[in-house]
Undergrad: 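One structure coming up, written as structure tokens, with questions to follow.
If you're wondering where the values come from, they're calculated on a predicted model, not measured in any experiment. Hydrogens, waters and symmetry mates are skipped; everything else that's a heavy atom, side chains included, is used.
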Amino acid sequence: MADTYTLTLYNRSTAPRWTFAVYTVVPVSGSDRIAPVAWLTKTVDSGDSVTFEWTLDHRLVFAAQGIETGAEWTEAASMPVAAGTHDNAARLGYQSGGHMFTLEPTEARPTTPGRLYVDADPNVPEYGPIGGPTVGLAISGGERNRPSTFAPAIVGTSGPGLSHVFDLDPTYYIDAGTIRQGTLVDFDAVTGFQKVEFGPGRFSSEWTLDASDTWVPGPPA
């Protein structure tokens with residue numbers, strides 16, 4: 001059974017409310033450009049808090065759209081996968097007659113723990129800023145005591161004959177703003193947010209947004 005991670009965020013800002021967002025960044029090979037997605041979000045009033053929970057259960061996803069910072073990324077299809085098993089890979093196909101993409105199981109790649117794979121068929125169109133395609137990783141999570149859902153966490157550009165590897169060594173970031181879940185964010189912007197680390201055997205963390213709108217580790221003093 002997968003470990004459950006928890007992240008509690010406290011709002012002690014002087015502003016009436018902020019939307020807290022959690023981002024997950026993992027290395028993605030085979031893409032010219034990658035973009036984190038606002039993965040877990042919640043609007044929290046000053047004086048309140050939210051606890052997010054997640055497990056490292058994944059789906060591979062794709063969309064017939066490009067990467068545009070500030071746009072909402074909407075998956076067109078998804079497929080459950082499991083790293084370290086024979087269900088660790090997907091194939092991105094394209095039916096030129098119907099102008100339709102497909103995401104299907106494919107022959108398993110090496111069952112390396114912590115890696116998932118997407119292979120694009122040779123007839124998949126070249127990447128374009130409007131129609132993509134883009135492939136991504138969705139992770140199961142949500143608010144504590146509410147049903148978890150698979151939400152996109154990071155996406156990358158794809159194209160004909162490309163092979164993508166998702167290295168499941170996540171780095172987490174948090175931010176306070178007005179963003180909506182599913183919004184694409186510039187990679188460099190996200191890596192400038194507050195980093196949250198989970199050490200070996202550590203699956204919970206707490207952070208407080210203080211009166212100066214600075215993230216401080218731990219619960220409110």
Undergrad: So if I apply the ring pair (Phe, Tyr, Trp, His ring centres under 6.0 Å) rule between W215 and each of Y10, Y173, F20, which one comes out positive?
TA: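 Answer after filtering Y10, Y173, F20: F20.
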Undergrad: Go through it in stages, so that I can follow the logic: the residues are V26 and D167, the test is side-chain contact (heavy atoms from CB on, under 4.5 Å), and I'd like the CA-CA distance, side-chain angles, deciding distance and then a yes or no.
TA: CA-CA 6 Å; V26 302; D167 192 342; 5.8 Å; no
Undergrad: For residues L168 and L137, determine if any side-chain heavy atom of one lies less than 4.5 Å from a side-chain heavy atom of the other.
TA: yes
Undergrad: Can you name the residues that form a salt bridge (charged side-chain N to carboxylate O under 4.0 Å, His left out) with D175, not counting sequence neighbours?
TA: none
Undergrad: Shared ILVMFWY cluster between I139 and W73, side chains joined below 4.5 angstrom?
TA: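 Per the 4.5 Å side-chain linkage, I139 and W73 are not co-clustered.
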Undergrad: Hey, are the side chains of R115 and N88 touching, using non-hydrogen atoms and a 4.5 Å cut-off?
TA: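 No - every pair of side-chain heavy atoms lies 4.5 Å or more apart.
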Undergrad: So which heavy atom on T24 is nearest to which on P170, and how close?
TA: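 Heavy atoms of T24 and P170 come nearest at CG2-CB, 3.6 Å.
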Undergrad: Could you go through the side-chain hydrogen bond (donor to acceptor under 3.5 Å, both in side chains) check for T43 and T19 one step at a time?
TA: CA-CA 4 Å; T43 299; T19 297; 2.9 Å; yes
Undergrad: What pair of heavy atoms forms the shortest contact from P133 to Y127, and how long is it?
TA: O-CD1, 3.4 Å
Undergrad: Using the rule that Ile, Leu, Val, Met, Phe, Trp and Tyr join whenever any side-chain heavy atoms are under 4.5 Å apart, tell me whether W207 and V50 fall into a single cluster.
TA: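 Yes, same cluster.
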Undergrad: With sequence neighbours left out, write down each residue that passes salt bridge (charged side-chain N to carboxylate O under 4.0 Å, His left out) with R59, or none if nothing qualifies.
TA: none
Undergrad: Output all residues satisfying ring pair (Phe, Tyr, Trp, His ring centres under 6.0 Å) with F166, sequence neighbours left out; order by chain, then residue number.
TA: none
Undergrad: Which atom names give the shortest non-hydrogen contact between L209 and A176, and what distance separates them?
TA: CD2-CB, 3.8 Å
Undergrad: For the OG atom of S78 and the CZ atom of F62, what is their distance to the nearest 0.5 Å?
TA: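 Rounded to the nearest 0.5 Å, the OG-CZ separation comes to 10.0 Å.
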Undergrad: Check step by step if side-chain contact (heavy atoms from CB on, under 4.5 Å) holds for R109 and D119.
TA: CA-CA 10 Å; R109 300 287 291 276; D119 296 321; 2.8 Å; yes
Undergrad: Using the rule that two of Ile, Leu, Val, Met, Phe, Trp, Tyr join whenever any of their side-chain heavy atoms come within less than 4.5 Å, decide whether F52 and I174 are in one cluster.
TA: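 Cluster IDs for F52 and I174 match.
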Undergrad: Hydrophobic clusters here meaning ILVMFWY residues chained together by side-chain heavy-atom distances under 4.5 Å, can you tell me if Y117 and L60 are in one?
TA: no
Undergrad: Would you check if the side chain of T134 reaches a backbone N or O of Q65 as a donor-acceptor pair within less than 3.5 Å?
TA: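 Yes; at least one donor-acceptor contact below 3.5 Å.
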Undergrad: If every non-hydrogen atom of A82 is compared with every non-hydrogen atom of L116, which pair is closest and at what distance?
TA: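 Nearest heavy atoms, A82 then L116: C-CD2, 3.9 Å.
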Undergrad: Of all the heavy-atom pairs spanning I67 and L184, show the shortest one and how long it is.
TA: CA-CD1, 4.0 Å
Undergrad: Parallel, tilted or perpendicular: which fits the ring planes of Y5 and Y172, with parallel below 30° and perpendicular above 60°?
TA: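 Taking Y172 first and then Y5, their aromatic rings sit tilted (interplane angle of 30° to 60°).
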Undergrad: Would the distance check show the side chain of T8 and the main-chain N or O of T51 forming a donor-acceptor pair, the cut-off being under 3.5 Å?
TA: no
Undergrad: State plainly whether one hydrophobic cluster holds both V61 and L162, where clusters connect Ile, Leu, Val, Met, Phe, Trp and Tyr through side-chain heavy atoms under 4.5 angstrom apart.
TA: no
Undergrad: Does anything in residues 23-48 form a ring pair (Phe, Tyr, Trp, His ring centres under 6.0 Å)? List the pairs, not counting sequence neighbours.
TA: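 Found Y23-F193, W39-W54.
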Undergrad: Table please: side-chain donor-acceptor pairs of residues 141-161 below 3.5 Å, with sequence neighbours left out.
TA:
{"from": "R144", "atom 1": "NE", "to": "E53", "atom 2": "OE2", "distance (Å)": "3.1"}
{"from": "T157", "atom 1": "OG1", "to": "D32", "atom 2": "N", "distance (Å)": "3.1"}
{"from": "T157", "atom 1": "OG1", "to": "R33", "atom 2": "N", "distance (Å)": "3.4"}
{"from": "S158", "atom 1": "OG", "to": "H164", "atom 2": "NE2", "distance (Å)": "2.8"}

Undergrad: Could you work out, with salt bridge (charged side-chain N to carboxylate O under 4.0 Å, His left out) as the rule, every residue matching E126, not counting sequence neighbours?
TA: none
Undergrad: Does a sphere of radius 6.0 Å around CD in E72 hold more than 12 heavy atoms from other residues, nucleotides or ligands, not counting ones at 6.0 Å or beyond?
TA: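 Count over threshold, so yes.
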Undergrad: Between D121 and N123, is there a donor-acceptor pair closer than 3.5 Å when you use the side chain of the first and the backbone of the second?
TA: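 No, the answer is negative, given that no donor and acceptor are paired below the 3.5 Å cut-off.
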Undergrad: Flag the pair D213 / W18 as yes when at least one side-chain heavy-atom distance between them is below 4.5 Å, and no otherwise.
TA: yes
Undergrad: Donor-acceptor pair, R12 side chain versus G47 backbone, under 3.5 Å?
TA: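 Answer holds: yes.
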Undergrad: Between R17 and D45, does any side-chain N to carboxylate O distance fall below 4.0 Å?
TA: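 So R17 pairs with D45 through a salt bridge.
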Undergrad: Name the residue from T208, V44, D48 that meets the side chain to side chain contact (heavy atoms under 4.5 Å, CB included) definition with N11.
TA: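 So the option named by the test is V44.
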